[in-house]
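Convention: sequence-line order gives letters A, B, ...; per-chain numbering from 1.
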Number of protein chains: 2
Amino acid sequence: MKKCQSHPHGSPELPELADRLRRKSRKVTIPRQAVLKVLRVRRRPLTVKEIYEALSPSPCDLATIYRSINLLERMGMVKRFDLGEGAARFELLAEGDDGHHHHLICTRCSDIVEIEECFPEELQAKIAQRNGYSKVTHRLEFFGVCPRCQ
Amino acid sequence: MKKCQSHPHGSPELPELADRLRRKSRKVTIPRQAVLKVLRVRRRPLTVKEIYEALSPSPCDLATIYRSINLLERMGMVKRFDLGEGAARFELLAEGDDGHHHHLICTRCSDIVEIEECFPEELQAKIAQRNGYSKVTHRLEFFGVCPRCQ
DNA sequence: CTTCTTGCAAACACTTTGCACGATG
DNA sequence: CATCGTGCAAAGTGTTTGCAAGAAG
C-alpha cells in the first residue's frame, strides 16, 4: 500500500528506477533498490557513508554501495558531486536530466541548498574561445553560513 | 649567480619568502625552501607528488612536503585548489593576494590555464540573499579540451 | 642548548578489487 | 542453471601523525 507520490523535486519513483535497471539488463537487487530509495527519500546529495548509515539496521556492505552507486552513475541515474569534503556526494537524477546544477553549502553545518543559477554561457564561451578550448563545462559550488548557523 | 627575475606572474622571490617565514618565527629549512622554489619555478598548480618528483634526485620525505605545504597554506603563502582529481594542487601566492581565481583544465592532458573571469558578484549576492546565507564565496573550475588535444 | 623539523613507519579515510558464495532472471 | 551481484578481506590512494634523531636559531 505504498503512496504514489508524484515526483517531488523531480525524483523518479522506485518502480521506474527498477525499470531503468531492467532495461539495461541489470539485476534489480535488494541493495540497489535500497540505495535508490535512500537517494529518493533524502533530498540532499548523500555520501556513501550517509547512505550506509541510512540503510542500517539492515545495511549492506560498503563495497556494495560503492559498486551500486558507480553502476547507477554510469547509467546516468545518479550524479556525483565533489564538494571538496573528501568524500563524494550523490544525487538521484530524473530520466533525461544531465544533473548540471550547483549547490550552496553551509561551512558550519554542511546544510546544502540547490541553486538554479549557473555560470553565464556567453562568458564561458568567451573563456573557451580565448584559450582555444572546446567542449568546456564547469564545476561551481557556493559556500557560506546558513541562516540557522549565523 | 642567480638571475634576479622580477616577479614573473607575480611570484615572490625566494629571499622574500624566507623573510616571510622568519617573520613568523618559522625556521627556514632546506625542504621548505625547496618546496617554495618548485612552486615558484613551475607555474601551474602542483600536486604534492609533483613537488616530490620535482625535488628528486635529492628529495625529502613526502610527509615533510605535506607538512610544509600545510604550514605555507596556514601562513597564506600558498593556496590549495581541489580540481576534483583526488589530489589537491597548490599554488604560490603573492603577499596580500588571497588567491581567489579559477582554472581551465584540459580533461585529456591536465593542462591548466589560469582564468581571470569570476562568477558575477551581483548574481552571487542574489543567491546569498535569497537563501539567507552570509559570507558567501564560490569554488569554480572549468573543464574542456585544450587546443593540442583536440 | 632549546626549540622546531625531519625521516621513518604506522595509522587514517575513502574507494576499489579478487574471490568464493549466493541470488536473480 | 547461467550469469551477475554480494560479502568479506585485502589492497590502493592521498594524507596525517607519533616518535626519536637531527638541524636551525
Colleague: If you assign each of B:C60 and A:F90 to its closest nucleotide in DNA chain C, which residue comes earlier from the 5' end?
Modeller: B:C60
Colleague: Which heavy atom of B:D82 sits nearest a heavy atom of B:E85, and at what distance?
Modeller: OD1-N, 4.4 Å
Colleague: Is a side-chain N or O of B:E117 found less than 3.5 angstrom from the main chain of A:Q124, in a donor-acceptor match?
Modeller: no
Colleague: For B:H138 and B:H100: C-alpha separation, side-chain torsions, deciding distance, then whether side chain to side chain contact (heavy atoms under 4.5 Å, CB included) applies.
Modeller: CA-CA 9 Å; B:H138 58 266; B:H100 184 83; 3.2 Å; yes
Colleague: Please say which of A:N70, A:L92, A:L93 ends up in a side chain to side chain contact (heavy atoms under 4.5 Å, CB included) with A:V78.
Modeller: A:L92
Colleague: Give me the residues of residues 65-73 of chain A where at least one heavy atom lies under 4.0 Å from an atom of DNA chain C, by number, or none.
Modeller: A:Y66, A:R67, A:N70
Colleague: Determine, using ring centers only, whether A:F142 and B:F119 are less than 6.0 Å apart.
Modeller: yes
Colleague: Output the rounded distance in Å from CG (B:D82) to C1' (D:dG14).
Modeller: 12 Å
Colleague: Nearest heavy-atom pair of A:I105 and A:S110: which atoms, and what distance?
Modeller: CG2-CA, 4.2 Å
Colleague: Could you go step by step and tell me if A:H103 and A:E141 meet the side-chain hydrogen bond (donor to acceptor under 3.5 Å, both in side chains) rule?
Modeller: CA-CA 5 Å; A:H103 301 97; A:E141 308 294 351; 3.2 Å; yes
Colleague: Sub-3.5 Å donor-acceptor pair from the side chain of A:H101 to the main-chain atoms of A:G99, do we have one?
Modeller: yes
Colleague: For the helix from C:dC1-D:dG25 to C:dG25-D:dC1, how many degrees between its two end axes (five pairs per end), to the nearest 10°?
Modeller: 30°
Colleague: Just call it for A:A63: base, sugar-phosphate, or nothing, with non-hydrogen atoms closer than 4.0 Å on any strand.
Modeller: base
Colleague: Can you figure out which of C:dC14, C:dA9, C:dT6 approaches the side chain of A:A87 most closely?
Modeller: C:dC14
Colleague: Would you check if the side chain of B:S56 reaches a backbone N or O of B:P59 as a donor-acceptor pair within less than 3.5 Å?
Modeller: no
Colleague: Would you please indicate yes or no on a ring centroid separation below 6.0 angstrom for A:H102 and A:F81?
Modeller: no
Colleague: Give every pair of a protein N or O atom and an N or O atom of nucleotides 23-25 of chain D that lie under 3.5 Å apart, one pair per line with the distance.
Modeller:
unit_1: D:dA24; atom_1: N3; unit_2: B:K27; atom_2: NZ; d: 3.0

Colleague: Taking only side-chain nitrogens and oxygens of B:T64, does any of them come within less than 4.0 Å of OP1 or OP2 of C:dT6?
Modeller: no
